[in-house]
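In listed order, ligands and their atoms are each counted from 1.
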Amino acid sequence: MSAVRQVFGAVQRRAFSASTRQASKVTVLGAAGGIGQPLSLLLKLNPRVSELALYDIRLAPGVAADIGHINTKSTVTGYDPTPSGLRDCLKGSEIVLIPAGVPRKPGMTRDDLFNTNASIVRDLAKAAAESAPEANILVISNPVNSTVPITAEVFKSKGVYNPRRLFGVTTLDVVRASRFISQIKGTDPANENITVVGGHSGATIVPLLSQAGYELTGEQLDEYVHRVQFGGDEVVQAKGGAGSATLSMAMAGARFAESLLKAAQGQKGVIEPTFVDSPLFKDQGCDFFASNVELGPNGVEKIHPVGKITDYEQKLLDVCLGDLQKNIQKGVDFAKQNP
Ligand SMILES: NC(=O)C1=CN([C@@H]2O[C@H](COP(=O)(O)OP(=O)(O)OC[C@H]3O[C@@H](n4cnc5c(N)ncnc54)[C@H](O)[C@@H]3O)[C@@H](O)[C@H]2O)C=CC1
Ligand SMILES: O=C([O-])CC(=O)C(=O)O
């Protein structure tokens with residue numbers, strides 16, 4: 001037997017034995033996109049997922065047919081882009097991941113995506129509020145700082161808002177922060193876990209390197225922080241107009257979904273960074289804020305405070321809060337004015 005077959009066989013055996021213990025429907029809205037396809041693939045490989053439901057305005061049945069040939073136990077269904085297709089795709093879901101929307105091109109900010117993505121997310125949020133009001137909603141579509149508040153407003157307007165079940169996916173910022181410090185320090189990135197707080201765009205992304213015991217200074221610290229804050233731009237530039245991060249984002253989204261499933265299935269101490277309805281800076285006009293969050297069977301279990309930070313990090317946080325407040329308000333205003 002070849003080495004590849006041996007490894008794949010081992011993965012499969014583990015997958016089948018674990019999957020007998022779980023039954024979780026996971027839905028991906030935007031499943032045929034640059035993120036949606038590899039994200040769906042990774043979810044198909046996750047034995048905690050028993051049913052994978054894929055929706056897009058194009059090609060979801062094709063993606064489902066392809067992924068559906070993978071010999072792990074979960075079922076995969078691609079739904080037609082119709083109201084009833086969307087409804088069926090959502091019904092009974094424990095987790096709904098939303099990577100639907102347009103990505104950036106060089107020269108654009110995430111906020112430049114607002115005009116297109118705000119209404120896409122609003123409409124999908126409406127469908128989710130109607131057909132899966134108790135699901136965990138994981139918003140990937142940018143600008144996350146605004147699309148999460150839009151989703152909250154939609155759920156509120158339908159009377160089904162549960163702040164413990166709405167998450168902006170900021171995992172990629174932590175993945176990058178961990179990878180980038182390992183490149184400087186020569187460590188194994190798998191062992192790094194840099195806390196990143198704030199939001200998910202430019203100056204609202206605040207890495208707290210000091211909490212991991214690192215003491216970069218001067219230009220090296222500035223460069224590190226800039227790379228974490230603008231890591232997305234690095235990929236946008238490198239792809240030269242063909243989109244933004246998709247593969248690393250798929251990994252980050254799959255990791256977050258896996259953490260939620262673990263927590264739902266009773267595992268304690270599952271902590272992920274995420275942009276949630278948070279008490280931490282409400283007094284400064286930020287109803288949503290990303291920090292480390294302990295997950296549980298009911299979604300958000302405990303929101304960790306920012307903790308001890310340096311003066312340098314405090315300055316970053318001050319800038320973050322100013323920008324974030326505006327991004328959040330923009331989302332809230334849009335949802336109220338365009339119900
Ligand atoms: N939160 C994060 O860390 C990250 C977020 N993103 C964001 O994720 C979003 C998606 O990025 P990509 O997958 O690269 O874009 P893409 O253009 O490759 O895929 C988007 C998919 O959404 C679908 N779609 C559009 N409108 C839809 C609707 N109403 N219902 C269902 N599906 C719909 C499209 O048909 C397409 O297949 C972008 O807004 C991007 O900025 C990207 C990377 C990281
Ligand atoms: O940069 C973008 O537009 C996509 C994104 O959110 C990221 O890669 O962090």
In Å, rounded to the nearest 0.5 Å, how long is the span from CG of L317 to CG of D311?
-> 12.0 Å

When you look for heavy atoms under 4.0 Å from ligand 1, do you find them on the side chain of P99, its backbone, both, or neither?
-> backbone

So, is the end of the K185 side chain (NZ or CZ) under 6.0 Å from the ring centre of Y214 and within 45° of the ring's axis?
-> no

Contact region, L124 to ligand 1, non-hydrogen atoms below 4.0 Å, reads side chain

Could you tell me whether the side chain of P273 reaches within less than 4.5 Å of the side chain of T195, counting heavy atoms only?
-> no

What are the atoms of ligand 1, with element, lying closer than 4.0 Å to any heavy atom of N117?
-> 39 (O)

Which of the numbered atoms in ligand 1 are below 4.0 angstrom from a heavy atom of G30?
-> 22 (O), 32 (N)

With a 4.5 Å limit on heavy-atom distance, are the side chains of Q265 and S24 in contact?
-> yes

Sub-4.0 Å heavy-atom contact, M108 with ligand 2 = no

Which residue and non-hydrogen atom of the protein lie closest to atom 8 (O) of ligand 2, and at what distance in Å?
-> R176 NH2, 2.7 Å

Distance-only side-chain donor-acceptor flag, S259 / E272, under 3.5 Å = yes

Do the side chain of T72 and the main chain of K44 share a donor and acceptor less than 3.5 angstrom apart?
-> yes

Return a yes/no value for S141: is any of its N or O atoms, backbone included, closer than 3.5 angstrom to an N or O of ligand 1?
-> no

May I ask you to list the atoms of ligand 2 that are less than 4.0 angstrom from any heavy atom of A245?
-> 8 (O)

With heavy atoms under 4.0 Å as the rule, classify the contact between N142 and ligand 1 as side chain, backbone, both or neither.
-> both

Over 12 non-hydrogen atoms of neighbours within 6.0 angstrom of CD in Q183 | yes

CD (E134) and OG (S93) are apart, to the nearest 0.5 Å, by 12.0 Å

Sub-4.0 Å heavy-atom approach of A245 to ligand 1 | yes

Logged contact type for M249 with ligand 2, heavy-atom cut-off 4.0 Å, is neither

A student comparing G33, P103, A250 should find that the heavy atom closest to atom 15 (O) of ligand 1 comes from P103

Go through ligand 2 atom by atom and flag the ones less than 4.0 Å from a non-hydrogen atom of R104.
-> 1 (O), 2 (C), 3 (O)

Could you list the atoms of ligand 1 found under 4.0 angstrom from a heavy atom of G34?
-> 13 (O), 16 (P), 18 (O), 19 (O)

At under 4.0 Å between heavy atoms, what of T246 touches ligand 1? The answer is side chain

Identify the closest protein heavy atom to atom 44 (C) of ligand 1: which residue and atom is it, and at what distance?
-> M249 SD, 3.3 Å

Below 4.0 Å from any atom of ligand 1, is there a heavy atom belonging to D123?
-> no

Nearest-option assignment for atom 21 (C) of ligand 1, heavy atoms, candidates D56, I98, L247 | D56

Polar-atom distance check: L172 versus ligand 1, any N or O pair below 3.5 Å?
-> no

Got the closest protein heavy atom to atom 25 (C) of ligand 1, with its distance?
-> I57 CD1, 3.7 Å

Check whether more than 12 heavy atoms from other residues, nucleotides or ligands sit under 6.0 Å from atom NZ of K282, and answer yes or no.
-> yes

So between E234, R110, Q237, whose heavy atom ends up nearest atom 7 (C) of ligand 2?
-> R110

Contacting atoms of ligand 1, where contact means under 4.0 angstrom from a heavy atom of Y55 = 30 (N), 31 (C)

Could you list which atoms of ligand 1 come closer than 4.0 Å to a heavy atom of A32?
-> 37 (O)

A125 backbone acceptor or donor facing T151 side chain under 3.5 Å | no

Polar proximity ligand 2 side, D173 side, N/O cut 3.5 Å exclusive = no

Hey, does R104 sit under 4.0 Å from ligand 1 if you only count heavy atoms?
-> no

Run the numbers for me: atoms of ligand 2, each under 4.0 Å from some heavy atom of G232, listed by number.
-> 1 (O), 7 (C), 8 (O)

Proximal ligand 2 atoms for H200, defined as those under 4.0 Å from one of its heavy atoms = 5 (C), 6 (O), 7 (C), 9 (O)

Just wondering, do D233 and R104 contact through their side chains at under 4.5 Å, heavy atoms?
-> yes

If only atom types and distance count, is the side chain of S178 paired as donor or acceptor with the main-chain N or O of P189 below 3.5 Å?
-> no

Assess the side chains of S244 and K239: does a donor N or O sit below 3.5 Å from an acceptor N or O?
-> no

Any chance the side chains of D318 and Q314 put a donor and an acceptor closer than 3.5 Å?
-> yes

For atom CD of E215, decide whether the heavy atoms of other residues, nucleotides or ligands shown that lie under 6.0 angstrom number more than 12.
-> no

N142 near ligand 2, heavy-atom distance under 4.0 Å?
-> yes

Can you tell me if D222 and Y312 form a side-chain donor-acceptor pair at under 3.5 Å?
-> yes

Heavy-atom proximity to atom 39 (O) of ligand 1, picking from D173, V102, I35, points to V102

Heavy atoms only: which of L113, V28, I120, T116 is nearest to atom 29 (N) of ligand 1?
-> I120

So, is V169 polar-close to ligand 1, with some N/O to N/O distance under 3.5 Å?
-> yes

Just say parallel, tilted or perpendicular for the rings of F114 and F334, cut-offs at 30° and 60°.
-> perpendicular

Do N327 and T204 have a side chain donor and acceptor closer than 3.5 Å?
-> no

Contact region, R58 to ligand 1, non-hydrogen atoms below 4.0 Å, reads side chain

Do the side chains of L39 and I140 get nearer than 4.5 Å, heavy atoms only?
-> yes

For V144, the ligand 1 atoms whose distance to one of its heavy atoms is below 4.0 Å | 1 (N)

